[in-house]
Amino acid sequence: MDDSTIRLRVLGSLELDTGGEWNRVHGRRKGALLARLVAAHGRTVPTAKLVREVWSVGVSRRSLAALQSTLSLLRRILEPDRAPRARPRVLVTTPSGYALRLPDPSVDVWHFERLVLDSGRHRDRPGQLDRLEQALALWDGPAYAEFAGQAWAGAETERLDELYRQAVEYHAEALIAAGDLTGAIVGLTTHTDDHPLREDAWRLLALALYRAGRQGDALSALRRGRGALRDQLGVDPGPALRQLETDILAQDRRLMTAGRHPEAPLVTGQQPGAPFVGREHELGRLHAAAQQVGTATSPAVAVLTGDAGIGKTALAARLAGELADRGWRSATGRCPDPAAGAPAGWAVTELVRDLAARVPPDQRTRARMAPVLDERVDLPFPLRQAVAGYLRGLATDAPLLLVVDDAHAADPATRSLLTDLPGLLDGAPVLLLVLYRPGELTGGLGALAGHVTERVTLRGLSRPAVTGLVEAVRGAAPDPAQAVAVADRTGGNPLYVRELARAVDPGTDLPDGLRDVLRPRVAALSPTARQLVERAAVAGGDVDVAVLGAALGVDEDTTVAAVEEAMAVGILAEAGGTRPRFAHQIVRDAVLADLSSVRRARLRAVLAHHSRVAGDRLVGVATMG
Ligand SMILES: Nc1ncnc2c1ncn2[C@@H]1O[C@H](COP(=O)(O)OP(=O)(O)OP(=O)(O)O)[C@@H](O)[C@H]1O
Ligand SMILES: [Mg+2]
């Protein structure tokens with residue numbers, strides 16, 4: 001018989017197929033001896049070891065005789081057609097002992113192991129999902145179950161169990177990559193229930209939930225994971241889970257598209273190694289503010305504002321990097337979108353946790369700050385004091401830059417702590433840098449105003465900086481006409497510049513990436529504001545706000561409120577006059593691109609009509625293409 005027709009399985013129970021049907025191996029020693037050789041995966045098991053492990057006795061004439069007779073019984077089953085004097089080819093004798101020689105696919109655990117290890121090594125290969133499904137189909141319960149009491153089996157069973165858990169996670173990862181989110185969620189829910197200490201399982205579950213649009217469930221999965229690690233091991237989750245949580249709260253776009261390895265941190269704002277251009281003047285002012293703090297003994301507050309994508313986060317990161325070279329320490333806490341359902345005071349939690357991971361607080365401080373570290377924060381007074389005490393302590397050995405990003409979205413708990421912070425940190429060299437989009441500050445930070453020593457408003461990058469950024473992204477300098485077109489269309493907004501720089505013709509194209517950035521911003525507007533923006537796009541900046549209102553059929557107050565709403569999120573800009581203007585040409589292009597030509601024509605006609613009625617000039621409406 002050909003060895004490739006022999007099949008052996010030890011997952012579930014030990015069975016052998018030598019002629020087209022599975023049979024149990026009768027006889028306890030026979031089974032144990034065969035299973036022991038399977039566990040050696042083709043390698044030799046020394047004779048003395050086999051005797052000791054299978055018979056639990058030392059080597060003696062009797063035990064060796066027992067081994068020999070069991071071996072020959074097994075050989076008869078494995079190779080029934082072997083001629084009496086022919087050498088065994090399956091259960092072979094080697095110089096030091098015995099080994100089982102079969103091709104990997106003939107033995108279920110060997111095949112399983114090969115499939116899983118290969119999958120782990122080549123996680124991007126096509127066919128990955130199939131291979132993992134094949135591996136999981138082989139798994140039929142723990143390996144060597146009937147030998148559970150034997151020492152040799154214990155370690156091997158455990159190793160294979162671990163491999164199985166790993167396979168479940170690889171499989172879920174492949175499902176997520178293939179877009180089968182429901183499949184991944186179902187599998188991972190059971191898997192995390194069974195193995196609550198597996199961080200990668202929680203990470204994948206949260207990622208799948210997030211991609212399925214279940215942001216709240218994703219965060220709650222991460223929290224359950226953290227709770228389990230805390231309760232059972234007393235440890236914090238590792239960086240991959242923490243980063244994922246932060247990215248989910250920030251609704252990082254890359255979570256939807258990133259490959260299977262979000263372990264690589266997905267940071268918004270300035271990525272390590274990303275080009276940074278211009279901003280010398282603004283950086284200079286922030287450095288000056290830091291310099292004063294470094295020499296004074298009281299904290300200072302600087303605010304940095306500007307439209308979405310203008311480069312606040314990137315600039316703060318740049319400042320932190322440069323200050324680090326001068327011995328500063330820094331940390332950032334982001335205020336997530338309120339709709340993300342983050343715990344109150346999240347920015348403070350993030351900031352303090354980040355610092356505590358680098359400079360662990362002593363036991364007592366840790367205990368006092370525990371609610372912050374555990375995210376049960378409504379930040380009552382003693383807790384604020386504990387946090388402030390820790391920060392003051394840190395600032396005694398290096399000045400501290402605390403960045404609060406996206407403060408326009410700060411929740412009441414964060415806002416209230418922020419306004420108290422300068423007072424609580426009195427006497428410490430701390431620069432609190434608050435980043436927010438103008439017009440979006442939800443109020444409540446007014447009390448900070450008295451402490452603000454520097455206010456920087458970011459506007460578009462200069463022409464040379466735009467050219468520099470396009471060159472950095474494209475790897476080649478744009479021709480002058482293209483550079484001008486990019487600067488004009490984007491108003492120097494680096495987010496748009498970067499996206500546009502990737503287009504074949506940045507003067508006229510509207511890349512998908514840019515549409516993806518702009519669409520949600522328009523979609524998030526109230527219906528009236530969205531309709532107004534659509535009409536303003538068709539009108540091309542040459543129509544009075546009253547005409548837009550009339551075309552919408554709403555009263556003046558509603559029209560003004562809609563204009564303000566669109567201005568607050570940086571779609572329209574302050575124009576000085578009554579003709580709303582787009583903050584950037586590119587935003588108008590994106591809005592227009594989403595309107596069908598029929599719709600554009602209809603809106604144009606309506607606007608023309610209302611302009612005539614109002615006696616307004618018709619330049620924009622009449623000539624717009
Ligand atoms: N000076 C710069 N040089 C090069 N790239 C920049 C610069 N400023 C910003 N960018 C890039 O532009 C994009 C948007 O910047 P950033 O995230 O800092 O904007 P933001 O003002 O924080 O926006 P938001 O209000 O949405 O948080 C990022 O990809 C960033 O790397
Ligand atoms: Mg930002």
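All values below come from the heavy atoms of this structure, side chains included, with hydrogens, waters and symmetry mates left out. Order of listing sets the numbers, starting from 1, for every ligand and every atom in it. Numbering of residues begins at 1 and proceeds along the displayed sequence. Because the structure is a prediction, the values reported are computed rather than measured.
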Salt bridge [X]-[Y], side-chain N to carboxylate O under 4.0 Å:
X: Glu173; Y: Arg203; answer: yes
X: Lys312; Y: Asp405; answer: no
X: Asp426; Y: Arg392; answer: no

Practice task
Please confirm whether Gly311 comes within less than 3.5 Å of ligand 1 when only nitrogen or oxygen atoms on both sides are compared.
Solution key: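 By distance alone, the answer is yes.
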Exercise for the section: Please determine if Thr313 has a nitrogen or oxygen closer than 3.5 Å to a nitrogen or oxygen of ligand 1. Expected result: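 Yes, since at least one N or O of Thr313 sits under 3.5 Å from an N or O of ligand 1.
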Handout entry: Best match, Ala314, Gly468, Gly309: closest heavy atom to atom 23 (O) of ligand 1
Key =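 Result: the heavy atom closest to atom 23 (O) of ligand 1 is in Gly309.
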Handout entry: Closest to atom 29 (O) of ligand 1 among Arg437, Glu499, Arg498 (heavy-atom distance)
Key =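 Among Arg437, Glu499, Arg498, the closest heavy atom to atom 29 (O) of ligand 1 belongs to Arg498.
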Exercise for the section: For atom CD of Glu322, decide whether the heavy atoms of other residues, nucleotides or ligands shown that lie under 6.0 angstrom number more than 12. Expected result: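 Counting other residues, nucleotides and ligands, CD of Glu322 exceeds 12 neighbours.
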Problem - Backbone N/O of Ser526 and side chain of Glu565: donor-acceptor pair under 3.5 Å - result: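 Here the side-chain-to-backbone pair exists.
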Handout entry: N/O donor-acceptor pair under 3.5 Å between Thr365 side chain and Pro361 backbone
Key =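 Such a contact is absent between Thr365 side chain and Pro361 backbone.
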Show me which atoms of ligand 1 lie under 4.0 Å from any heavy atom of [X].
X: Asp406; answer: 27 (O)
X: Val277; answer: 1 (N), 2 (C), 3 (N), 4 (C)
X: Ile310; answer: 19 (O), 21 (O)

Handout entry: Contact partition for Lys312 relative to ligand 1, non-hydrogen atoms under 4.0 Å
Key =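 Both the backbone and the side chain of Lys312 come within reach of ligand 1.
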Practice task
Heavy-atom distances under 4.0 Å are what count here, so tell me which part of Leu469 touches ligand 1: side chain, backbone, both or neither.
Solution key: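 The side chain, only.
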Practice task
Consider ligand 1: state whether an atom of it lies below 4.0 angstrom from any non-hydrogen atom of Gly306.
Solution key: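 So Gly306 does not count as touching ligand 1.
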